[in-house]
*Asks:* 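What follows is a single structure, and I will ask about it in a moment.
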Amino acid sequence: MNHKKLEVAVQKFKQGNEAYFDIIYEETKTKVYYTILAIVKDQSLAEDLMQETYLKMIESLPKYKRKNQFPAWIGTIARNIAINTFNKRKREQLVDGEEHEYLFGSVTESQEDHYYLEKLLDILNEDEKQVVIRHVILEEKHKDIAIALDKPLGTITWMYQNALKKLRKAGDG
């Protein structure tokens with residue numbers, strides 16, 4: 001991610017040049033998507049919440065003043081929207097897909113892989129999931145994760161190492 005290019009795009013967009021939204025979106029979409037997906041664990045819902053995140057970003061952009069911290073800022077918006085949605089949906093009743101296969105169809109190999117990944121990540125607490133996903137999938141540095149999650153760098157490093165130990169232990173078992 002080119003932070004300088006992103007900050008220029010953000011400033012131009014704030015000044016009313018709507019063409020720069022595409023640059024903002026392209027530079028942040030992966031981070032936003034995986035931040036949301038880690039919380040809601042539903043690809044379709046994550047895509048819907050991405051739209052909500054970018055609408056909220058546009059609405060809140062006049063308040064944005066932190067130079068070179070836009071990825072962390074939009075990541076926080078995405079995380080808050082996802083957590084709010086997750087908490088609302090907790091009360092919904094789940095349906096067994098195999099029991100109602102005639103409604104949902106059969107499970108593909110990629111769905112099985114996704115399911116396995118979700119089960120593996122269920123071993124981790126929410127903060128550990130965020131750290132692992134941000135570092136491994138989004139390729140963020142620990143210091144950027146520390147800023148985004150508002151935690152000390154040492155805590156992030158410890159959480160990442162602890163999460164890896166848990167995942168290795170689960171993978172062996």
*Asks:* Please list every donor-acceptor pair under 3.5 Å in which a side-chain atom of residues 156-164 meets a protein atom from a residue at least two apart or in another chain.
*Replies:*
from: Thr157; atom 1: OG1; to: Leu153; atom 2: O; distance (Å): 3.1
from: Asn162; atom 1: ND2; to: Glu128; atom 2: OE2; distance (Å): 3.1

*Asks:* Is the shortest side-chain heavy-atom distance between Asp144 and Pro71 below 4.5 Å?
*Replies:*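 Asp144 does not reach Pro71 side chain to side chain.
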*Asks:* Same hydrophobic cluster for Ile133 and Val136, using side-chain heavy-atom links shorter than 4.5 Å among ILVMFWY?
*Replies:*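 They do share one cluster, since a chain of ILVMFWY contacts under 4.5 Å joins Ile133 to Val136.
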*Asks:* Where do Ala78 and Val32 come nearest, in terms of heavy atoms and distance?
*Replies:* CB-CG1, 4.0 Å
*Asks:* Give the intermediate values and the outcome of side chain to side chain contact (heavy atoms under 4.5 Å, CB included) for residues Lys63 and Trp73.
*Replies:* CA-CA 11 Å; Lys63 300 174 195 169; Trp73 184 73; 5.6 Å; no
*Asks:* I need the Ile74 CD1 to Leu61 CG distance, nearest 0.5 Å.
*Replies:* 9.0 Å
*Asks:* More than 12 heavy atoms of other residues, nucleotides or ligands under 6.0 Å from CD of Glu18: yes or no?
*Replies:*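 Not buried by this count: 12 neighbours or fewer within 6.0 Å.
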*Asks:* Are Met57 and Thr28 packed together at the side-chain level, in the sense that at least one heavy-atom pair is separated by less than 4.5 angstrom?
*Replies:*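 Not touching, per the 4.5 Å side-chain cut-off.
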*Asks:* With sequence neighbours left out, what residues match Tyr34 under side-chain hydrogen bond (donor to acceptor under 3.5 Å, both in side chains)?
*Replies:*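 Partners of Tyr34 by the side-chain hydrogen bond (donor to acceptor under 3.5 Å, both in side chains) criterion come out as none, since no residue qualifies.
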*Asks:* Which heavy atom in Ile145 sits nearest to a heavy atom in Val131, and how many Å separate them?
*Replies:* CD1-O, 3.8 Å
*Asks:* For Leu55, give me all partners under side chain to side chain contact (heavy atoms under 4.5 Å, CB included), at least two apart in sequence or on another chain.
*Replies:*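 None.
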*Asks:* Taking all non-hydrogen atoms of both residues, which atom of Pro62 and which atom of Ile58 are closest, and how far apart?
*Replies:*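 In terms of heavy atoms, the two residues are closest at CD-O, 3.8 Å.
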*Asks:* Please check if the number of heavy atoms outside Lys14 that lie under 6.0 Å from its NZ is greater than 12.
*Replies:* yes
*Asks:* List the residues meeting side chain to side chain contact (heavy atoms under 4.5 Å, CB included) with Ala72, not counting sequence neighbours, and say none if there are none.
*Replies:* Ile147, Ala148
*Asks:* Rounded to the nearest 0.5 Å, what separates atom CD in Gln11 from atom CZ in Phe70?
*Replies:* 10.0 Å
*Asks:* So which pairs with a foot in residues 146-165 pass salt bridge (charged side-chain N to carboxylate O under 4.0 Å, His left out), sequence neighbours left out?
*Replies:* Asp127-Lys151
*Asks:* Kindly give the heavy-atom pair with the smallest separation between Gln43 and Tyr33, and that separation in Å.
*Replies:* CG-OH, 3.4 Å
*Asks:* Looking only at heavy atoms, which two atoms of Ile36 and Ala46 are closest? And how far apart?
*Replies:* CG2-CA, 3.6 Å
*Asks:* Could you list the residues that satisfy ring pair (Phe, Tyr, Trp, His ring centres under 6.0 Å) with Tyr20, not counting sequence neighbours?
*Replies:*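 Scan of Tyr20 (ring pair (Phe, Tyr, Trp, His ring centres under 6.0 Å), adjacent residues dropped) gives none.
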*Asks:* Could you measure the distance from the CG atom of Leu37 to the CG atom of Leu45? Nearest 0.5 Å is fine.
*Replies:*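 One gets 9.5 Å once the value is rounded to the nearest 0.5 Å.
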*Asks:* Taking only residues two or more places apart in sequence, or in another chain, which ones meet Lys5 in a salt bridge (Lys or Arg N to Asp or Glu O under 4.0 Å)?
*Replies:*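 Per chain and number, Lys5 pairs via salt bridge (Lys or Arg N to Asp or Glu O under 4.0 Å) with Glu27.
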*Asks:* For Tyr25, give me all partners under side-chain hydrogen bond (donor to acceptor under 3.5 Å, both in side chains), at least two apart in sequence or on another chain.
*Replies:* none
*Asks:* Looking at CG of Leu49 and OG1 of Thr85, how far apart are the two atoms once the value is rounded to the nearest 0.5 Å?
*Replies:* 4.0 Å
*Asks:* Which residues pass the side-chain hydrogen bond (donor to acceptor under 3.5 Å, both in side chains) test with Lys29, sequence neighbours left out?
*Replies:* Glu26
*Asks:* Determine, stepwise, if the pair Ile39 / Gln130 fulfils side chain to side chain contact (heavy atoms under 4.5 Å, CB included).
*Replies:* CA-CA 8 Å; Ile39 296 167; Gln130 286 288 321; 3.5 Å; yes
*Asks:* Could you tell me which non-hydrogen atom of Val40 sits nearest to which non-hydrogen atom of Ala82, and how far apart they are?
*Replies:* CG1-O, 3.7 Å
*Asks:* Glu140: what forms a side-chain hydrogen bond (donor to acceptor under 3.5 Å, both in side chains) with it, not counting sequence neighbours?
*Replies:*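 In terms of side-chain hydrogen bond (donor to acceptor under 3.5 Å, both in side chains), with neighbours along the sequence ignored, Glu140 is linked to Lys31, Arg134.
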*Asks:* How many angstroms lie between NZ in Lys129 and CG in Leu124, if you round to the nearest 0.5 Å?
*Replies:* 7.0 Å
*Asks:* Show every salt bridge (charged side-chain N to carboxylate O under 4.0 Å, His left out) that has at least one partner inside residues 43-56, sequence neighbours left out.
*Replies:*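 For residues 43-56: Lys56-Glu59.
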